[in-house]
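A, B, ... follow the sequence lines: proteins, then strands. Residue 1 opens every chain. FYI, side chains are in, hydrogens and waters are out, and symmetry mates aren't considered; it's all heavy atoms of this structure.
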2 protein chains.
Amino acid sequence: MAKPTVHDIAREAGVSLATVDRVLNGRPGVRANTIERVNDAVRSLGYVRDTYAANLARKTQYRFAFVLPDGDSQFVDTLKLALKEAMAAQLADRVFVKVVPVQVQDPHSVVRALNSLSAEHYDGVAIMAPETPQVRDAVARLKEAGLSVVALVSDLPTSGRDHFVGINNLSAGRTAGDLMGRFVGAIPGKVLIVTNSMLSRDSIERRLGFDEVMSERFDHLTILPTIESRGDPARMEAILLKAALAHPDLRGVYSMGPGNRPLIGALRRSGRIAELTVIVHELTPLTHQGLIDYEVDAVITQNVGHLVRSAMRVLRAKCDGVAIYEAQERIRIDIVLKENLPT
Amino acid sequence: MAKPTVHDIAREAGVSLATVDRVLNGRPGVRANTIERVNDAVRSLGYVRDTYAANLARKTQYRFAFVLPDGDSQFVDTLKLALKEAMAAQLADRVFVKVVPVQVQDPHSVVRALNSLSAEHYDGVAIMAPETPQVRDAVARLKEAGLSVVALVSDLPTSGRDHFVGINNLSAGRTAGDLMGRFVGAIPGKVLIVTNSMLSRDSIERRLGFDEVMSERFDHLTILPTIESRGDPARMEAILLKAALAHPDLRGVYSMGPGNRPLIGALRRSGRIAELTVIVHELTPLTHQGLIDYEVDAVITQNVGHLVRSAMRVLRAKCDGVAIYEAQERIRIDIVLKENLPT
DNA sequence: CATAAAATGAGGTACGCACCTCAGAAATCC
DNA sequence: GGATTTCTGAGGTGCGTACCTCATTTTATG
């Protein structure tokens with residue numbers, strides 16, 4: 001009835017504690033036959049290793065690196081803040097976290113950072129960086145070296161990462177489309193989409209989802225050509241202002257990525273921000289204030305606290321070789337309006 | 001640099017291990033003066049008890065009771081399901097949970113259940129039940145007996161409960177109002193509110209929030225007198241059907257509590273469900289399907305997984321006498337549309 | 001000041017596990 | 001069948017904590 005321990009397994013399998021230990025920890029010196037006996041006992045008794053006792057005995061720490069974009073992104077800042085909080089809370093749980101800042105626009109910077117993470121100093125890595133062939137290779141190398149790797153916010157499929165912690169961007173785009181269509185209402189008009197770059201996988205997926213919903217359910221709205229800022233706020237602001245003034249029947253603006261500051265600035269300058277339905281991504285101090293001021297109508301976001309905690313849980317589980325609790329690790333797409341802003 | 005242990009504290013405070021232990025575990029036989037010295041050492045070294053090692057040594061289980069409404073509420077069912085999953089995941093963490101079903105409409109049933117929970121068999125209790133004087137007293141008794149108590153979903157203020165795990169219902173109502181106003185659009189019309197009973201604290205608060213937002217921002221919409229089902233589905237269905245047919249300019253329906261099945265049934269029968277903006281609470285199989293079928297426009301919900309996990313974390317923290325990590329325990333108000341339904 | 005009472009120290013055991021050593025048993029090889 | 005190699009058992013130690021006992025010191029009490 002009580003939780004089975006290694007002693008119970010030893011008894012059940014008719015072997016000694018030492019042998020159970022060898023099997024459980026993959027140490028050599030056990031006949032295949034005996035290994036089977038032990039594993040059978042584990043299964044039949046439903047033994048699960050007490051990871052806390054194990055860590056206590058092993059006196060290890062989990063050493064994780066979080067590779068995050070450097071620079072002044074409010075989203076990354078809130079992410080870092082959440083990470084800091086989580087670290088404080090997890091300190092008791094033998095988790096050591098190091099933040100590694102990288103210049104995400106430069107794949108070499110990312111690769112250099114990843115290559116600097118050896119299995120000697122780290123047990124796992126969480127990476128938030130755009131998908132490039134170089135990064136994929138570097139991740140594969142980390143995996144090979146025995147590190148656990150999770151992709152954070154932005155997925156790195158085919159890189160061999162253990163897990164992706166983040167939202168489904170197709171659904172995020174569809175959600176934005178749903179809200180846009182409903183908020184704008186039945187009157188025909190135009191919708192503007194802005195992004196940093198249409199090359200990133202996230203933007204492509206969000207755009208795809210948005211388009212799907214618009215054509216399925218709101219075809220009285222016309223989508224204008226996408227505005228790409230390419231990381232240049234001034235450029236973004238200028239083009240946006242021009243577009244806002246050029247289309248008197250513009251009804252809504254959907255911003256798919258970072259760069260909400262120049263967006264809001266331009267819309268304000270155009271004098272039309274109040275009448276437009278503005279939907280952006282990621283809840284940050286800026287977008288939070290935007291909601292309060294009725295300048296932003298909806299924010300589609302992912303809870304940064306959940307992101308970092310999920311990343312840590314998954315990394316720990318991978319290190320322990322334990323199955324993850326899927327339902328808990330699914331990051332939801334949050335819709336935030338003025339009224340349900342978290343307090 | 002390394003994590004301080006009880007040994008470090010003993011050395012720092014200039015006392016023996018036994019004394020540190022007495023202080024940390026509140027055992028008697030230590031002079032006030034000495035207690036202070038130990039506590040100072042704890043503070044200055046930043047000692048945090050390793051709860052896992054502690055539990056290992058204490059070889060206790062956390063024994064929690066979840067007092068939940070009996071009967072066929074889909075919301076409670078999903079809550080129970082989440083509880084079951086959480087139990088499976090927490091089994092490794094020495095948590096034992098017992099579900100105690102009660103007839104919530106009968107305060108005596110609740111009180112009887114609560115009184116049956118002795119400190120001998122339980123360390124903490126999570127309660128989901130309406131607030132009545134009898135229940136308040138029973139909770140106070142539990143606290144007195146040394147149990148940790150959290151109110152779940154529905155708060156029990158002034159009962160002395162340690163914590164409330166659930167959403168802010170005023171904000172939930174405001175959020176519903178915000179969505180209703182935006183989804184319905186600029187055309188004047190009427191809005192219907194239905195609930196089980198306007199006597200429950202939750203309904204009152206949601207209604208208050210909804211009204212606030214409607215009068216602040218959407219005063220072209222008129223709110224019809226509230227329909228109360230009083231737990232009678234047939235009655236609800238009949239009144240609702242009548243109301244839906246009596247007001248051709250009805251634009252939206254807001255359901256504040258349980259009883260979504262007769263609601264949707266009546267609206268379907270009225271033939272107007274597609275044109276109405278329907279906003280309900282709690283994501284269940286029924287409302288999930290309603291979103292998919294375009295019968296329900298938005299669901300305002302709280303994540304049951306978070307609810308139970310938060311309740312467990314809080315109960316554990318209270319039992320350990322450890323501070324809770326506020327940010328993680330704040331239950332958000334989730335807005336679910338067809339497009340961001342969790343997969 | 002003697003004595004009882006309270007406070008403290010020293011030390012042990014246990015929890016479930018990892019990791020180590022060494023001796024002895026079993027299997028394999030020539 | 002003896003020598004060698006491969007397995008296995010018995011046992012110990014330590015991780016950070018709880019909880020227990022028993023002696024000893026300190027403090028309060030009459």
Side-chain angles (χ1 to χ4, degrees), chain A residues 2-39 41-42 45-62 91-96 123 316 319-322, chain B residues 1-39 41-42 45-62 91-95 123 316 319-322:
Chain A
K3 255 189 73 182
T5 74
V6 277
H7 293 86
D8 301 320
I9 296 183
R11 202 168 343 99
E12 176 83 5
V15 300
S16 77
L17 253 173
T19 302
V20 173
D21 180 65
R22 288 181 189 114
V23 173
L24 253 39
N25 294 293
R27 269 185 274 281
V30 186
R31 233 173 313 154
N33 179 355
T34 314
I35 294 183
E36 253 324 294
R37 283 229 307 288
V38 172
N39 283 333
V42 166
L45 291 182
Y47 168 80
V48 275
R49 187 203 236 99
D50 185 329
T51 50
Y52 295 106
N55 289 330
L56 183 60
R58 202 193 281 116
K59 61 177 161 187
T60 60
Q61 296 207 116
Y62 296 92
L91 196 136
D93 289 355
R94 328 188 124 67
V95 179
F96 166 81
D123 303 305
R316 286 181 57 155
C319 288
D320 292 342
V322 167
Chain B
M1 202 65 260
K3 257 189 73 183
T5 73
V6 278
H7 293 86
D8 301 321
I9 296 184
R11 203 168 341 102
E12 176 84 4
V15 299
S16 77
L17 250 172
T19 303
V20 173
D21 180 66
R22 287 179 188 117
V23 174
L24 287 177
N25 295 293
R27 270 184 274 280
V30 185
R31 232 172 314 154
N33 178 357
T34 313
I35 295 183
E36 252 323 294
R37 282 229 309 285
V38 173
N39 284 332
V42 167
L45 292 182
Y47 168 80
V48 276
R49 184 204 238 101
D50 184 328
T51 48
Y52 295 107
N55 288 331
L56 182 60
R58 201 196 278 118
K59 60 176 163 186
T60 63
Q61 295 208 116
Y62 295 91
L91 196 136
D93 288 357
R94 324 190 128 68
V95 179
D123 303 305
R316 287 182 56 155
C319 289
D320 292 340
V322 167

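With 3.5 Å as the limit, one finds a donor-acceptor pair spanning the side chains of B:Asn55 and B:Tyr62. Inspection of the B:Asn25 and B:Arg49 side chains reveals an N or O donor paired with an N or O acceptor under 3.5 Å.
We find that CG of A:Asp21 is positioned 13 Å from P of C:dT21, with the value rounded to whole Å. Taking atom CG of A:Asp50 as the reference point, atom P of D:dG16 lies 16 Å away to the nearest angstrom. Taking atom CG on B:Leu56 and atom P on D:dG14, their separation rounds to 17 Å, with Å as the unit. Rounded to an integer number of Å, the gap from A:Leu17 CG to C:dA18 P is 11 Å. Distance OH (B:Tyr52) to C1' (C:dA14): 21 Å, rounded to an integer number of Å. The CZ atom of B:Arg58 sits 19 Å away from the P atom of C:dA14 (whole-angstrom rounding).
No engagement by A:His7 is indicated, since no non-hydrogen atom pair under 4.0 Å with the nucleic acid exists. Among the protein residues, B:Ala18 comes within range of the nucleic acid bases, having at least one heavy atom under 4.0 Å from a base atom.
Taking only side-chain atoms of B:Ser16, from C-beta outward, the nucleotide of C:dA18, C:dG9, D:dG16 with the closest atom is C:dG9. Closest to the A:Thr19 side chain, of the nucleotides D:dA18, D:dG9, D:dG14, is D:dG9. Picking from D:dT17, D:dA18, C:dG16 the nucleotide with the shortest atom distance to the side chain of B:Ala53 gives D:dT17.
Within the 3.5 Å criterion, the main-chain N or O of B:Arg27 finds no donor-acceptor partner in the side chain of B:Arg22.
Interface residues of residues 22-38 of chain B facing DNA chain C, ordered by number: B:Arg22, B:Gly29, B:Val30, B:Arg31, B:Thr34; criterion, heavy-atom separation under 4.0 Å.
Shown are B:Val30, B:Val20, B:Ile35; of these, the side-chain contact (heavy atoms from CB on, under 4.5 Å) with B:Val15 is made only by B:Val20.
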